[in-house]
4 protein chains.
Amino acid sequence: MSTVAQRKRTRSPEDRRRDLMEAAVRVFATKGLHAGTVADIAESAGVAKGTFYLYFDSREHLLGALKQQLVTATVERVARFYERVGKEDWWALVDSMLESMIDLMIEQRDAILVFTREGLTPETSEIFAGCDRQLNEMIGSGIRAGVDAGVFQVADPALMGTLLHHAIEGTLMETILYQEAFDRDELVAGAKELVHKALSP
Amino acid sequence: MSTVAQRKRTRSPEDRRRDLMEAAVRVFATKGLHAGTVADIAESAGVAKGTFYLYFDSREHLLGALKQQLVTATVERVARFYERVGKEDWWALVDSMLESMIDLMIEQRDAILVFTREGLTPETSEIFAGCDRQLNEMIGSGIRAGVDAGVFQVADPALMGTLLHHAIEGTLMETILYQEAFDRDELVAGAKELVHKALSP
Amino acid sequence: MSTVAQRKRTRSPEDRRRDLMEAAVRVFATKGLHAGTVADIAESAGVAKGTFYLYFDSREHLLGALKQQLVTATVERVARFYERVGKEDWWALVDSMLESMIDLMIEQRDAILVFTREGLTPETSEIFAGCDRQLNEMIGSGIRAGVDAGVFQVADPALMGTLLHHAIEGTLMETILYQEAFDRDELVAGAKELVHKALSP
Amino acid sequence: MSTVAQRKRTRSPEDRRRDLMEAAVRVFATKGLHAGTVADIAESAGVAKGTFYLYFDSREHLLGALKQQLVTATVERVARFYERVGKEDWWALVDSMLESMIDLMIEQRDAILVFTREGLTPETSEIFAGCDRQLNEMIGSGIRAGVDAGVFQVADPALMGTLLHHAIEGTLMETILYQEAFDRDELVAGAKELVHKALSP
DNA sequence: GATGAATGAGGCTTCATTCAT
DNA sequence: CATGAATGAAGCCTCATTCAT
């Protein structure tokens with residue numbers, strides 16, 4: 001129709017796949033995970049419906065890819081901090097991790113939104129279960145190490161890690177979901193206060 | 001014909017409605033919110049599909065009623081504690097509220113599960129938005145009152161309330177979702193530790 | 001639309017099922033097995049597309065039912081004659097069986113047409129394989145009995161049974177497929193001549 | 001660049017066409033006529049999907065070519081025997097024709113299989129109609145000539161020709177379809193017995 | 001010529017909702 | 001009131017065909 005509409009007739013497979021995944025997140029964030037159809041995604045990506053199936057075996061496979069991407073990004077980010085545990089100042093590490101995680105969540109906000117809102121059908125929640133297990137393990141281990149080092153003091157490091165993780169994730173999601181504007185720095189400050197107090201003796 | 005043969009041929013409209021709502025929660029918890037059909041619900045409630053529409057205008061209306069019920073129960077529970085703020089020992093109130101809220105969530109676990117996992121389509125999340133706003137307001141006010149009374153010390157009472165709220169809700173949901181068995185008392189203890197530390201000077 | 005179109009809003013399940021199967025045979029005979037869609041069948045049966053799925057799990061299940069019906073009718077007819085083998089005049093039995101089988105094929109002509117033309121996908125031919133095995137066994141046994149009784153004389157009764165079976169079935173199908181008019185009695189006469197000669201010493 | 005590197009980079013158009021037709025028969029025999037896609041055929045022929053359309057206007061045209069090929073081979077084979085009618089010993093001609101026809105069918109078994117099982121949609125059966133008409137005419141004429149010569153004795157030569165034709169074709173197809181191994185000589189012997197008896201006085 | 005990414009019509013199936021009984 | 005057969009809109013997916021490279 002328009003001359004702008006067809007910049008390139010064929011893109012590299014990687015680009016096309018990414019286009020579709022981005023379009024999917026866009027669509028799902030707008031219309032909801034269930035209400036967003038393959039047709040919507042294809043249209044939003046500027047391709048025909050059939051093209052979708054050249055890059056994903058099915059709608060379900062796309063969801064899998066989206067979940068995997070989110071999970072991988074999150075686990076990797078946490079892992080990067082986990083490696084630094086014990087090698088530098090404990091409280092500085094806590095602070096920089098908090099900021100980094102909050103920024104990651106803000107980056108991935110749409111995807112997180114989609115999956116925390118509608119993405120967990122009974123059959124497909126294993127991938128998130130595995131992710132949460134890994135995250136909790138790393139966070140818990142980190143806290144335990146701090147306890148052993150005499151820096152932190154917590155009765156149940158694993159449980160405390162989980163509680164703090166959800167405190168921040170849940171608050172961020174609620175903020176994004178229901179508030180017009182939101183202040184990233186305010187949230188960071190609040191999170192730091194909570195975590196510092198929670199880990200202090 | 002015989003009076004024995006018709007034990008409960010007809011139930012009161014209120015009972016039927018409740019039957020259907022309970023059946024719906026049962027079905028949704030098992031098959032997922034989206035996969036659970038009106039036919040499933042009707043069957044699980046022991047009535048014909050058409051009967052469903054005598055008690056609910058549509059599937060969407062049922063979801064609304066379910067959400068409303070959950071929200072109301074939660075808000076009422078919190079409100080009961082909010083009324084007691086300032087009238088008794090601050091820490092005892094915190095502890096009893098924590099236990100009560102955790103028990104409420106365990107009671108309502110199926111309904112919470114359903115809506116936490118799949119229930120928040122963009123159009124229908126206002127109910128939860130309102131709920132969260134109310135809860136946060138009450139919790140925040142309570143904390144602020146404690147701060148004013150010199151018992152608590154928190155930089156941003158509202159934000160801290162939100163953080164603690166999600167810490168507990170998120171952890172409980174994750175526990176219910178992914179763990180076979182879970183220890184209610186352990187969770188209560190962990191929550192108390194977190195909240196005490198978070199509110200303490 | 002028309003006042004005639006809706007004779008009865010609900011028919012007995014058996015009737016409705018039969019309606020659909022008859023409509024299917026009609027449609028398949030006209031448009032071909034593959035080209036005939038569920039929509040065509042439903043329309044031809046005077047119901048909505050969705051109604052089809054109240055009576056058959058899938059298009060494939062309908063095909064199964066159609067095949068089974070054809071196979072059952074054929075096997076039963078042959079079995080009825082097989083029971084009479086040896087109890088009455090051999091040649092009279094041959095003649096009456098020939099007529100009866102030809103008449104059955106004429107009755108079921110559309111269904112036979114459909115399945116001999118397009119119905120045998122690699123995966124779904126077992127049902128016909130079983131049918132043919134049964135028929136060949138009965139016909140072969142019958143001929144062998146006649147040979148043992150000294151009435152017939154054939155080198156390989158099973159093979160001869162198969163040959164005669166296909167002679168008649170194939171000819172009848174070709175006649176139906178390609179000829180405007182066809183003379184049932186002529187065909188019966190030709191079949192009798194062939195079979196008599198084939199079985200005679 | 002090097003002359004060795006391009007063994008058969010380009011084949012003659014005729015060869016390519018034949019490659020595709022052979023690939024098609026291969027694919028159809030394996031997956032079924034309807035399930036075999038143009039993509040399958042192209043892949044099996046070692047060319048790209050688009051190349052298919054350089055040699056055939058459409059999938060339907062390929063089917064036409066395949067049918068035509070089968071029909072032509074069959075008609076030619078029968079015609080070769082028809083020419084010899086009356087010029088040599090009648091029974092020897094019958095026997096050699098029987099063997100030759102059975103061998104032809106075995107050769108072309110895949111193609112025959114494909115079209116016998118799924119290939120006859122209402123619109124496209126004319127080709128086969130014409131073929132059968134021709135065959136029947138030749139066979140019928142041959143038999144009639146034998147009758148006129150006083151060698152054969154048959155009430156309706158045309159009908160008997162058709163019956164014998166289908167006896168052999170149907171039996172062969174069933175054998176190929178449903179039996180692991182099959183004995184060509186046994187089948188030839190049975191066919192000869194049938195035909196000899198059918199044509200004898 | 002050859003390629004294969006892109007297209008989109010069309011098929012199968014599900015399920016919320018209606019309505020005659 | 002209760003029923004459940006019937007409806008049809010809407011979704012997912014396939015594959016013959018096209019066309020820019």
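Chain letters run A, B, ... following the sequence lines, proteins first, then strands; residues in each count from 1. Hydrogens, waters and symmetry mates play no part in the numbers below; they use all other heavy atoms, side chains included.
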**Student:** Can you list everything that forms a side chain to side chain donor-acceptor pair (under 3.5 Å) with A:Asp110? Sequence neighbours excluded, please.
**Tutor:**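 If we apply the side chain to side chain donor-acceptor pair (under 3.5 Å) test to A:Asp110, skipping adjacent residues, there are no hits.
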**Student:** How long is the gap from CZ on A:Phe56 to CZ on A:Arg17, to the nearest 0.5 Å?
**Tutor:** 4.0 Å
**Student:** Sorted by first residue and then second, give each salt bridge (Lys or Arg N to Asp or Glu O under 4.0 Å) pair with at least one member in residues 43-54 of chain C; sequence neighbours left out.
**Tutor:**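 Every candidate salt bridge (Lys or Arg N to Asp or Glu O under 4.0 Å) pair involving residues 43-54 of chain C fails, so no pair, neighbours aside, qualifies.
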**Student:** Kindly write out the residues that satisfy ring pair (Phe, Tyr, Trp, His ring centres under 6.0 Å) with C:His34, not counting sequence neighbours, or none if the list is empty.
**Tutor:**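 Residues passing ring pair (Phe, Tyr, Trp, His ring centres under 6.0 Å) with C:His34: D:His34.
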**Student:** Give the rounded distance in Å between these two atoms: CZ of A:Arg11 and P of F:dA20.
**Tutor:** 19 Å
**Student:** Measure CZ/D:Arg17 against C1'/E:dG1 and give the value in whole Å, please.
**Tutor:**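 Roughly 17 Å, once rounded to whole Å.
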**Student:** Whether C:Tyr55 contacts F:dA5 is assessed here as follows: a side-chain N or O lying under 4.0 Å from the phosphate OP1 or OP2. Is that the case?
**Tutor:** no
**Student:** How many whole angstroms separate atom CD of A:Glu43 from atom C1' of F:dA10?
**Tutor:** 16 Å
**Student:** Using the side chain to side chain donor-acceptor pair (under 3.5 Å) criterion, which residues pair with C:Ser44? Sequence neighbours excluded.
**Tutor:**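 For C:Ser44, the residues satisfying side chain to side chain donor-acceptor pair (under 3.5 Å) (neighbours in sequence not counted) are C:Arg26.
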**Student:** Take atom CG of D:Leu62 and atom P of F:dC15, then tell me their distance rounded to the nearest Å.
**Tutor:** 16 Å
**Student:** In whole angstrom, give the distance that lies between atom NE2 of D:His61 and atom P of F:dA16.
**Tutor:**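 Spelled out: NE2 on D:His61 to P on F:dA16 is 15 Å.
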**Student:** Between protein and nucleotides 11-17 of chain E, map the contacts as a letter string: B base, S sugar-phosphate only, - none, heavy atoms under 4.0 Å, written 5' to 3'.
**Tutor:** SSBBSSB
**Student:** Which residues satisfy the side chain to side chain donor-acceptor pair (under 3.5 Å) test with C:Asp19, sequence neighbours excluded?
**Tutor:** C:Arg11
**Student:** Just checking D:Phe56: base, sugar-phosphate only, or nothing, at a heavy-atom cut-off of under 4.0 Å?
**Tutor:** nothing
**Student:** Ignoring backbone atoms, establish whether D:Arg16 has a side-chain N or O less than 4.0 Å from OP1 or OP2 of E:dG1.
**Tutor:** no
**Student:** Given atom CG of D:Leu20 and atom P of E:dG1, what is their separation to the nearest angstrom?
**Tutor:** 13 Å
**Student:** How long is the line joining CG of C:Leu54 and P of E:dT18, in whole Å?
**Tutor:** 17 Å
**Student:** Can you sort out the partners of B:Ala73 under side-chain contact (heavy atoms from CB on, under 4.5 Å), two or more places apart, ordered by chain and number?
**Tutor:** B:Gln108
**Student:** Given the rule that a pair is Watson-Crick or G-U wobble with both distances under 3.5 Å, how would you write DNA chain F in dot-bracket, using | for pairs to a different strand?
**Tutor:** .||||||||||||||||||||
**Student:** Check ring pair (Phe, Tyr, Trp, His ring centres under 6.0 Å) between B:Tyr53 and all other residues, then give those that pass, not counting sequence neighbours.
**Tutor:** none
**Student:** With a 4.5 Å cut-off on side-chain heavy atoms, are D:Phe115 and D:Leu70 touching?
**Tutor:**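 SC-SC contact between D:Leu70 and D:Phe115 confirmed.
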